[in-house]
Q: 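Sharing a structure below in structure tokens format, with a few things to ask.
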There are 2 protein chains.
Amino acid sequence: MEEQSQNTEALILEAARKVFIEKGLEGARMQEIADEAGINKSLLHYYFRSKDKLFHAVFIEAFQKFLPQIDSLILTQAPVAVKLEAFITNYINTIIQNPFIPGFVLHELSRDPQSLAELLKSRASMVPQFLQQIQDEIDAGRIKPFDPRQIIINTLGLCIFPFVARPIAQTIFFENNTEAYNQFLEDRKTEVFKFIKSAIFTEQQ
Amino acid sequence: MEEQSQNTEALILEAARKVFIEKGLEGARMQEIADEAGINKSLLHYYFRSKDKLFHAVFIEAFQKFLPQIDSLILTQAPVAVKLEAFITNYINTIIQNPFIPGFVLHELSRDPQSLAELLKSRASMVPQFLQQIQDEIDAGRIKPFDPRQIIINTLGLCIFPFVARPIAQTIFFENNTEAYNQFLEDRKTEVFKFIKSAIFTEQQ
DNA sequence: TCTACTTTTGACCGGTTGGTTAAATTACTT
DNA sequence: AAGTAATTTAACCAACCGGTCAAAAGTAGA
């Protein structure tokens, strides 16, 4: 019983993940999730009490998938250049493997911004340390004098935006050639760091 | 009768704009739009035949609000540096005045990517010329050798991302202080170009 | 004022949606 | 094998949603 219920629960979560991430909370239908999982709709309510609860489980899971890389960026001790390069590669890699999660998370967060507080309680206190690390390298002359927050937002935006804007970007620049756009995204694993490096680091030997 | 009908139509469009942009096609309710406009729900169907038609009117309007700046970026004759600087300022300014449109447009485009074709038919042919202009400046040694498409995506991402990710960015970096985040966005009108300029332009006198 | 027309309304409809419930099936224990 | 608890199903429901329709209210010209 234990085993089977874990199987079913995982089956439901997988189906819910697919449908919710593709269609959002309001676009998704419980019946569609049930069909996707190959089970009865009532089972959804047996394992998760409501649509909102099921959605919340999916959302938390999606959101947390991107926290490890952020953690290592913020918490690790290494020069900013080293950490940024590793972060960008890993982060874009993670998004390539979960290309619809960023749009999903951003959309649902702007629908319900309140739910953020609970998710960030532990991390928020670590951010200032990373901002200070950037500021220290600015003071040491290794990074040009940009607002550290601007640098971080720029980094995240450069990683995430091409996935959120994929339909329009792929159409405009790649005549809707999916394979070509995938290669474009692959290239960004190195191109984005080259871009940021060229933007913020000072010359020195 | 003519005058009143134009008033009502504009009233409906304004209400629909507010509700659709905030909640999306699937999250919006016709009744809510009617309430927002202070009229009967049947009137929505009298002026616009269906929810989809009304949504389409709102979407087209929102989408086109950002085309003029893009046009001037692509079609104008001037050095890339000059055009980019003007574009970034104007573009961010436009988004500041319509902060929810980018998220709205991106979300609805990823829900229905087909609808793009009709919107871009005339513009698409002009893009290669702008790409070539960037390539020419690369060949002339004035811009570092980045893929021109990467440069454009980067520029757009740097402009748009802080608005799409506002809830999380404002929470993490500004303790949810709206006024502080507004100032942050204001600063980006110059900061983004400084960043891009530092990234892609070569030193020369 | 009468008439023809447009605009606005309220009542209503069929289909869909998230959710409930009780019965049936399965799995586990002894 | 029997009994107990957990799992799964089918049938059902009230609320909601987009949309229709006929009547009412408003408008303008004769």
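Numbers restart at 1 for each chain; the letters A, B, ... are given by sequence-line order, proteins then strands.
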Q: Taking CZ in Phe100(B) as the centre, count heavy atoms belonging to other residues, nucleotides or ligands within less than 6.0 Å. Is the count above 12?
A: no

Q: Starting from C1' on dT17(C), measure out to CG on Leu54(A) and report it in whole angstrom.
A: 15 Å

Q: Distance check needed: dG19(C) P versus Leu44(A) CG, whole Å only.
A: 10 Å

Q: Specify the separation, in whole Å, of atom NE2 of His56(B) and atom C1' of dG18(D).
A: 19 Å

Q: Just how far, in rounded Å, is C1' of dG26(D) from CG of Asn40(B)?
A: 15 Å

Q: Determine whether more than 12 heavy atoms belonging to other residues, nucleotides or ligands lie under 6.0 Å from atom CD of Glu175(B).
A: no

Q: With no hydrogens and no angle check, do the side chains of Gln31(A) and Asp35(A) hold a donor and an acceptor under 3.5 Å apart?
A: yes

Q: Select one nucleotide: of dT9(D), dT8(C), dG19(C), the one nearest the side-chain heavy atoms of Lys41(A).
A: dG19(C)

Q: Do Gln69(B) and Asn90(B) have side-chain atoms, one donor and one acceptor, less than 3.5 Å apart?
A: no

Q: Starting from P on dA11(C), measure out to NE2 on His45(B) and report it in whole angstrom.
A: 18 Å

Q: To the nearest Å, how far apart are Tyr46(A) OH and dA10(D) C1'?
A: 17 Å

Q: Tell me whether Lys189(A) at atom NZ has more than 12 heavy atoms from other residues, nucleotides or ligands lying less than 6.0 Å away.
A: yes

Q: Measure the distance from CG on Leu43(B) to P on dC21(D) and round it to the nearest whole Å.
A: 16 Å

Q: Quick one: sort the His107(B) and His107(A) rings into parallel, tilted or perpendicular, breaks at 30° and 60°.
A: parallel

Q: Calculate the interatomic distance between Arg49(A) atom CZ and dT20(C) atom C1'; express it in whole Å.
A: 13 Å

Q: Looking only at N and O atoms, is any donor in the side chain of Lys51(A) or the base of dG19(C) less than 3.5 Å from an acceptor on the other one?
A: no

Q: Tell me whether the count of non-hydrogen atoms from other residues, nucleotides or ligands lying under 6.0 Å of NZ in Lys65(A) goes above 12.
A: yes

Q: Looking at DNA chain D, which of residues 23-37 of chain B put a heavy atom within less than 4.0 Å of it?
A: Ala28(B), Arg29(B), Met30(B)

Q: Measure distances between side-chain N and O atoms of Ser42(B) and base N and O atoms of dT20(D), and say whether any donor-acceptor pair falls under 3.5 Å.
A: yes

